[in-house]
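A short worksheet on the structure shown next.
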Amino acid sequence: DVAHYVETDSPLDQEAVNRGTSVYFPNRVIPMLPEALSNGLCSLKPKVDRLALVCDMHISTGGKVIKSRFAKAVMHSAARLTYQEVFGLLWEKTTAPKKYTRIMPHLEHLKSVYEVLIKARHRRGAVDLELPQSRFTFDDEGKISGVIAYPRNHAHQLIEECMITANVEAARFLKKARIPALYRNHPPPDDDRVERLAGFLQTVGLSLPRRDGVTPKDFNQVAKAISVRPDASALAMNLLRAMMQAVYEPKCEGHFGLALKEYAHFTSPIRRYPDLLVHRAITHVLAGGKPAGYRYSAAQMEDLGQQCSTTERRAEEASRDVEKWLKCEFMLDKVGEEFDGIVTGVTEFGIFVELNGMLIEGLVHVTALGNDYYTFDHGRQQLVGRRSGDRYTLATAVRVRVAGVSIEDRKIDFELVDAGSVKKNKTPYADKQKNKQRKRNSGAGKARNKRRRQ
């Protein structure tokens, strides 16, 4: 219950507005609120009472919230568990330590809630884009020592689904109360974005189910097709770029990516100012307050929404910039070393290669592709050697050598170890998919399909 400690218009509140959000870096956090609150009074700790604003929800076996209520409460945490511990206990069935015996029935029950919520998510067609995150390790002196791809597991998704469900109920509660508040809106992509995405997907052997009135289910269908491909990471990023940015606004417009009609941010008032505003609005209603007597007007919420959207983007840009800086620092002493990677982007000036298992990307300039003249085939998203016929397209496996690193520019340059290793007789993944489709559409393919159906 951060709102209990952070009073409106206090110096603490004004600084929180200016920051808008906590900023997360690989080895430190710049908190929105002082550490005495963010890591102390407003942070759950085992066996310690904490003031809370809770959402009590009753969920059916179909994953639907039957009823919910918000209330002031005191939370007494039973234990501090990590995502990996919970994943091990619930999904890998590791033996629970004796200290967790008492809470195991609660964890099992929570898992059953997650299972019905995730089924409901799939039914409504929310877009599932699994983008692995970079995890950085540091030595005793604080110098970066490693970078690995860190995928999410079911324990992460369990918490996410519970938070999403609470966020929906918060949005519905505020909408019904007609209280000025901030909603988390994610508009559907505009026509231009949809057309560009559809054109790109065709170059890689995929298609968008429909272009007019595109729905989250259409995007999710593409996401599922992408997930089994070797170039999944690169394609997922293109799908993500085709979607609009989510924003904070005082009018409830729904969330396209989550396929939800109402959505607000309620679960993280320690690190996001919009959540703190939602807490204040709910607290006002719980105390019997009316919209007319609320501290904030609709116009003020409009301004705060724009401010919070701006600070969120600023924080994301800062985090990305630091990650790029750290990756460059990590590769500084690896100039001349060789790595295996996969092509994640193709342009007229070269190919972008991501190193396997590291999520570190660099450029192989077109002049470093070999003794040939390469032309960019935009339709097929590939570079083709005029003399050799060598071609480089998305998901092409390559071996590269680190040629140079610029921390100042946040750039890494690669060169191919064997510039002639990708020959014209090596069919790119997208072309393989198109060839399969042609065979299915041929007479022989139709006959085979008919026999299979029979």
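Other residues, nucleotides and ligands place more than 12 heavy atoms under 6.0 Å from the CG atom of D409. No more than 12 heavy-atom neighbours from other residues, nucleotides or ligands sit within 6.0 angstrom of NZ on K251.
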- Item | Residue pair H265, Y248: steps toward the ring pair (Phe, Tyr, Trp, His ring centres under 6.0 Å) verdict | CA-CA 9 Å; H265 274 167; Y248 294 107; 5.6 Å; yes
- Item | Intermediate values then yes/no, ring pair (Phe, Tyr, Trp, His ring centres under 6.0 Å), F219 and F256 | CA-CA 10 Å; F219 266 66; F256 177 84; 5.5 Å; yes
- Message: Run the salt bridge (Lys or Arg N to Asp or Glu O under 4.0 Å) test on R313 and E316 for me, step by step, so that the C-alpha distance in whole Å, both residues' side-chain angles and the decisive distance to 0.1 Å come before the verdict.
- Response: CA-CA 5 Å; R313 287 192 291 272; E316 289 175 349; over 6 Å; no
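The side-chain tip of K98 does not point at the ring of Y100 from less than 6.0 angstrom away and within 45° of straight on.
Looking only at atom types and distance, the side chain of D13 has a donor-acceptor partner in the side chain of Y273 under 3.5 Å away. Counted by atom type alone, T137 and S145 present one or more donor-acceptor pairs between their side chains at under 3.5 Å. S207 and Q202 share no side-chain donor-acceptor pair at under 3.5 Å. Under the 3.5 Å distance criterion, with hydrogens and angles disregarded, a donor-acceptor pair is assigned to the side chains of K327 and S134.
Between F87 and W91, the angle of the ring planes stays under 30°, which puts this pair in the parallel group of the 30/60° scheme. Taking the six-membered ring where tryptophan is involved, the planes of H156 and Y83 are essentially parallel, since the angle between them stays under 30° and well short of 60°.
None of F70, F266, Y183 except one satisfies the ring pair (Phe, Tyr, Trp, His ring centres under 6.0 Å) rule with F173; the exception is F70. Of the options E249, E262, E312, a salt bridge (Lys or Arg N to Asp or Glu O under 4.0 Å) to R184 is made by E312 and by none of the others.
Using modelled atom types, no side-chain atom of R50 and backbone atom of V74 make a donor-acceptor pair closer than 3.5 Å.
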